[in-house]
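Just so it is clear, the values below take in all heavy atoms, side chains as well, and ignore hydrogens, waters and symmetry mates. Throughout, protein chains are lettered first and strands after them, A, B, ... in sequence-line order, and every chain is numbered starting at 1.
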Amino acid sequence: MCLAIPMKVLELETPEGGEGLLPPVAVVDADGIRRRVRLDVVDRVPEVGEFVIVHAGFAIHTLAPGEAEANLELLRQMARAVAGEG
Amino acid sequence: MCLAIPMKVLELETPEGGEGLLPPVAVVDADGIRRRVRLDVVDRVPEVGEFVIVHAGFAIHTLAPGEAEANLELLRQMARAVAGEG
Amino acid sequence: MAAGQARTAPARPAAFRDPGLAAAQVAEIRRLARRPLRFMEVCGTHTVSIFRHGLRELLPPEVELISGPGCPVCVTDQADIDALVDLAGRPGVRLATFGDLVRVPGGGGSLAEARARGARVEVVYSPMDALALAEARPHETVVFAGVGFETTAPAVAATVIEADRRGLANFALWSAHKVMPPALRALLADPGLRLDGLLCPGHVSTIVGAGAWRGLAADFGIPCVVAGFEPLDVLEAIRRLVLQAVEGRAEADNAYPRAVTEAGNPRALAVMAKVFVPVAARWRGLGEIPASGLALAPAWRALDAAARFDLDVRPAPDPPGCRCGDVLRGRARPPECPHFGRRCTPARPVGPCMVSSEGACSAWYRFGAEGAR
Amino acid sequence: MAAGQARTAPARPAAFRDPGLAAAQVAEIRRLARRPLRFMEVCGTHTVSIFRHGLRELLPPEVELISGPGCPVCVTDQADIDALVDLAGRPGVRLATFGDLVRVPGGGGSLAEARARGARVEVVYSPMDALALAEARPHETVVFAGVGFETTAPAVAATVIEADRRGLANFALWSAHKVMPPALRALLADPGLRLDGLLCPGHVSTIVGAGAWRGLAADFGIPCVVAGFEPLDVLEAIRRLVLQAVEGRAEADNAYPRAVTEAGNPRALAVMAKVFVPVAARWRGLGEIPASGLALAPAWRALDAAARFDLDVRPAPDPPGCRCGDVLRGRARPPECPHFGRRCTPARPVGPCMVSSEGACSAWYRFGAEGAR
Amino acid sequence: MKRDTPGRILLDHGSGGLAARELVRGLFLRHLGNPLLDELEDSAVLDLAGGRLAFTTDGYVVDPLFFPGGDIGALAIHGTINDLAMRGAAPAALSAAFVLEEGLETAVLDRVAASMGAAAAAAGVPVVTGDTKVVPRGAADRLFVTTAGVGVVPAGVRLGAACIRPGDRILLSGTIGDHGVTVLTRRAGLALEGDLRSDTRPLHRLAAAVLAAAPGGVHAMRDPTRGGLAETLCELAERAGAAMEIEEAAVPVRPAVRAACELLGLDPLYLANEGKCVVVAEPGAAEAVLAAMRATAEGRGAVAIGRVTEGPPGRVEMRTAVGGRRIVPPLAGDPLPRIC
Amino acid sequence: MKRDTPGRILLDHGSGGLAARELVRGLFLRHLGNPLLDELEDSAVLDLAGGRLAFTTDGYVVDPLFFPGGDIGALAIHGTINDLAMRGAAPAALSAAFVLEEGLETAVLDRVAASMGAAAAAAGVPVVTGDTKVVPRGAADRLFVTTAGVGVVPAGVRLGAACIRPGDRILLSGTIGDHGVTVLTRRAGLALEGDLRSDTRPLHRLAAAVLAAAPGGVHAMRDPTRGGLAETLCELAERAGAAMEIEEAAVPVRPAVRAACELLGLDPLYLANEGKCVVVAEPGAAEAVLAAMRATAEGRGAVAIGRVTEGPPGRVEMRTAVGGRRIVPPLAGDPLPRIC
Ligand code: SF4
Ligand code: SF4
Ligand SMILES: [Mg+2]
Ligand SMILES: [Mg+2]
Ligand SMILES: [Mg+2]
Ligand SMILES: [Mg+2]
Ligand SMILES: [Mg+2]
Ligand SMILES: [Mg+2]
Ligand SMILES: [Mg+2]
Ligand SMILES: [Mg+2]
Ligand SMILES: [Mg+2]
Ligand SMILES: [Mg+2]
């Protein structure tokens, strides 16, 4: 029950009633697919241009800048290490 | 609003609750077409074998025995009279 | 064999379509009718029969038949149609109606069009079928569209009584029923109308009795003959009208004795009187006529759709140019209407007379030799 | 261009499917794994990823992956399905559900079958879509079928709060939500289970934090690595598990740092805690586990379908012969079930593990090399 | 009255009458028209692969699915065979495309498919290709089936309204109204019972016999389905640019059918038939054709009912049984039970 | 679980997957089976009138009626042309049978008919015969259309699963999933927007180019509609009695389609296409065929995606992009948006 994908924030919508601290909705994009997602339970309100992980129409995590790249770099280092060893 | 056709009574159904004086329903036939008709407003409760005039699922008249034949005979007599004259 | 028995039984229609007997009738009518005579077939079912069997073709040119106000669909006020359309579109309501009414245009279209927009409209053969519908659909209110004359009103009245007996809280009646005699009186009171006789409605007479027309004949000096609906019935009645006319009589006569008695059907009249009360009613073409309509009596208020639903029934203007009113009053024949066969056809009627197959315009358009297509 | 930007962005999946990097991972795993090792992928989404990307094929024979209780569809009790089927069939009720649940067999068939019999079942992508449905259909009650673990429960909790804020009286939740840690504890407490490590669920960890598995690793002496869902994520986590195993360590590690922090998502946890309370729950295959389910807290009773509807939810027996329980506990692989691929196929599942595409039996049947078809 | 632009499809548009013609001519032909479609015949006949191919389709949406004398499956086989046969083609193969409502009892589908199989086998025309779609519950009424058919038109055979000439005789293969009244009285709310039975049957053997009896002497054939005999004659007359005259007394109607019509205010001339055939033949060929029709099981009751005249194009007149004359107008709307 | 005799039609029976196969084989073929129907090819090919005739039908029930890139009308024209083309036939003529719901806006029908007219004209294949039925409101979902088509198969052309041989190459004319994901995301409740567009288009010119490029070297063609590429390959493999191997990295998927699939838990291999074609060709012919495909507008993106092998009959395997291997199983049920 845990299908979630990273999507880029295109827009933050201001709350209808002005209630709460967060704008509740963001428009996000993945390769040209756009959807409005709720921000009710995201750990940190994203800025436009940041990536969020989206599950069931809700953002559940805002990626730290460079976090994904760092994750990938970690894998690349591992690969280089193996290649160096081999 | 006055389409009505003569149909022959095949069967008289006894009332469900036994209320009223009349059996409320008859099964009638015209050339092999059968339908249940209500007897609520018929002028005289027909006997099995008699003809009733049916309108909108209700019998509205029970033909007197020989009445239709008499009616036709009247027309025939008229024809004979005309033929006799001509 | 039931079918065989029935086929040879005297009451079956075939016997009353015998071409030999018809030819004898026609010959007699031709012989008698030496001057132009204008008869009105009051009843729409007569109109249909005359066209369907091609009877006009058989009559000599001296005998002209015009259609009267006896098509209940044609005389039903637009406001009634609008009310039924309104009801049928309400959530939780299902309208049950005779097929005749489905295509009649109201101010906001017909029931057929309303159904196309999502309204619930069910065609039934008998008002009792509407009761069955109500029983089968307890979560809906079934409204029966009560139209028709004295032939139909007793059946609807009996249905109302039965609904009450069964305690069917989800059944209601919209009564647009009408009665014939006041309308004919109003019609005959029109000084512009020139008529030599009335072909009186056969099955209305089954209920009201052949005697019901005596006053009319006397008061207006007009020959009245009750007619059945088979070709020979109609021809016989016409022959008797011609005879009265040429003999200068103005009597009420009964040419449909197998179905009509002098006193009519007292049980049906009693049931009708128990359920309905006379009210003023609007007739298309004739306007409002006192005591010519039937409303549910106060005791049946719980079953009265007019009382149960909050409806804004306001008189609707007739379609511009439609001469239905003149047609129904015998003032014009359908082809004299500018719309006839042009903007107004049975597939897309402008006025109500084009709708029902017993409407005069429809019958002329569909069966008529003159002017049709 | 948005699409171009996104495609090259580091967070996009393609980068984590690089065959060169995968080959490097695999080579390292092969080098390290010198003895048979048995890891459980706890999460159904991992099961799907492993099959869909053909990862099993890449691993050396020493590394065996078994599927755990992390497919919420598979562990949802038959009684819950039966309750949802019951609700969906009630007049005036419309059930909104994730597509995953539609084909899951209950004692009286699936929701798909109920819909075929006339029940109202709507597939939505988000619980918020169910709210929209309730707003669009004020005359119905929309019940949302709440299934899922910590990843999903916060979204559903937020939806409940929003429904309350909007005053939507015609929305209700059936909560069959579950939480992972108590289930894993129950599973690991089983003395029959032989496991060398847990591939911990990535998005559950996004919410509960990588730290949530520390106690587990310590208490049961089992290596725990949080894994993402892309092929490289899974391979990296397996590599780390192998490494711990061969080095004799039993620690909680995080191989999905871009999505998972040590503490998780406190806002989501707070929303969840505001709406739900832990209750004992029945897991298919594992039986009842204390504090492993989430019920609506008493404050939200008005939105609780379980309180609002009078349901007779009684435990239903598992289908005879189905070894789902053993499969979910790692005691049997799907092909060891006598029904597998015979009476039980994805088109006509006998047990729940065959239903959802992340169900172990379904994944084996559909993607597996052995025993399939 | 806002009736000039109704803007919505009404049931009448499917009735085979004036509204249906308006839809076909005013909408479909405008967008899809071409010389073959414009003919609006039962089948299109195309020159193809060295021969002449007849090609036709019909959708079947009958309610109820099962009725005395047949069911939707048999109807779908017979109807398409008949539309091929009416152009003189030897039916070669059929297609069948189903739209099923989610929740349809499989047993119902099984029964329909079995009936189709039996009908196809009895007619000797196989269903060679098909399709199945399922729509969500409430998005269809149980089961619809659309069949299409192809057949080979023998060299020299040319049939169609355009071939009709004044003087031609109008022949009818048997009683009318049986199918229409059977289906109508089986619908909820009417509660009629009786000796009613659909006449659904394939007509390709009858058609072959007709053509064999008078090569070149047959000008048109039509199966009077929706809209009945009246609508079929009106359409033929209109497209032939001729008038027609028929004899009411010559048109056979079974007593039970007539009785049901009288009860419900229907005219049998407008009721659908599914196993009857109108043949328009040269006067010199009429006797031979009639004899050939009567020699087949499906044409045993064949009769001559009238002739083509030089009257106003499209006008169909009928001498009534009682000796009068009337117009037989095209169908104005789907026949509904009336009490007038 | 009472699942052994489900007794009712489910949406899955229309999905083109296992349930649909079961229905076709277990029910339809039992009642209607004959050598041509039993082939279960896109079209039946019959010997008729001295030539070989391809004949096919499909029902169209797509919801929504209009979607980016097309509508039900265009789809109905293209789909039937394509099923003819896949048997190597030159499409000659189409039929169209409409089932309309009472109350349908005439403007909607007009738009659909206009689209059909435009699609037929653009393809050069006329609609030559048709039918219209209207059902009561609530008895259908606005508009269904069933088309059938006939075409002429040139002498010497023989295509079908039975012609496939181990060693054959599997070619694909372009990206997959476009139509399926476009339609799915247009349904209520998903609220996705994006660069999605149905690929509906006619393939007869592409097919003709393929056949001209390698006479005799092409063994089968298929348009991977319902059930997508996966189901099409599984069916071909099963009927060919061979296995297949494809390369995930070689199968083109537009980024927006892939993203929508990831968001909704769908596999693009199982999504419908309406303008794509799988060609199975002899190894020696593959290059020429690929070049011919790429020379057409509709095959510009053509690629080789795999080959036929001697493996277990019906088994389709895929080398994944990451370097693994997996089975590509037949579709088990209609693809639904998931969150797992
Ligand atoms: S032809 Fe039409 S518009 Fe004219 S009077 Fe008759 S119903 Fe009215
Ligand atoms: S194969 Fe089916 S019956 Fe067997 S364990 Fe799996 S789900 Fe249960
Ligand atoms: Mg046809
Ligand atoms: Mg036909
Ligand atoms: Mg198909
Ligand atoms: Mg239905
Ligand atoms: Mg025909
Ligand atoms: Mg096809
Ligand atoms: Mg197709
Ligand atoms: Mg047709
Ligand atoms: Mg609808
Ligand atoms: Mg195809």
Q. Is there a donor-acceptor contact under 3.5 Å from the side chain of D/Asn265 to the main chain of A/His61?
A. no
Heavy-atom pair with the smallest gap, counting every atom of [X] and [Y]:
| X | Y | value |
| --- | --- | --- |
| A/Ala56 | D/Ser126 | O-OG, 2.8 Å |
| D/Pro127 | A/Phe58 | CG-CE1, 4.0 Å |
| A/Asp40 | D/Ala158 | CB-CB, 3.6 Å |
| A/Val41 | D/Pro154 | CG1-O, 3.6 Å |
| A/Asn71 | D/Tyr256 | OD1-C, 4.0 Å |

Q: Decide yes or no on side chain to side chain contact (heavy atoms under 4.5 Å, CB included) for D/Thr159 and A/Arg38, but give the supporting numbers first.
A: CA-CA 10 Å; D/Thr159 303; A/Arg38 303 275 309 188; over 6 Å; no
Distance, nearest 0.5 Å, that separates [atom1] of [X] from [atom2] of [Y]:
| X | Y | atom1 | atom2 | result |
| --- | --- | --- | --- | --- |
| A/Ile60 | D/His203 | CD1 | NE2 | 5.5 Å |
| D/Phe16 | A/Leu75 | CZ | CG | 6.5 Å |
| D/Phe98 | A/Leu3 | CZ | CG | 11.0 Å |
| D/Leu232 | A/Leu72 | CG | CG | 7.5 Å |
| D/Thr152 | A/His55 | OG1 | NE2 | 2.5 Å |

Would you mind reporting whether [Y] and [X] have side-chain heavy atoms less than 4.5 Å apart?
| X | Y | result |
| --- | --- | --- |
| D/Glu236 | A/Leu74 | yes |
| D/Arg258 | A/Pro6 | no |
| A/Arg36 | D/Met128 | no |

Q: Considering only heavy atoms and a distance below 4.5 Å, find which of A/Ala4, A/Ala64, A/Ala70 pairs most often with chain D.
A: A/Ala4
Q: With sequence neighbours left out, write down each residue that passes ring pair (Phe, Tyr, Trp, His ring centres under 6.0 Å) with D/Trp213, or none if nothing qualifies.
A: none
(Q) Holding to salt bridge (Lys or Arg N to Asp or Glu O under 4.0 Å), I want the full list of residues that pass it with D/Asp253, two or more places apart in sequence or in another chain. (A) D/Arg240
Q: Check each atom of D/Ile207 against the heavy atoms of chain A and say whether the ones under 4.5 Å are side chain, backbone, both or neither.
A: side chain
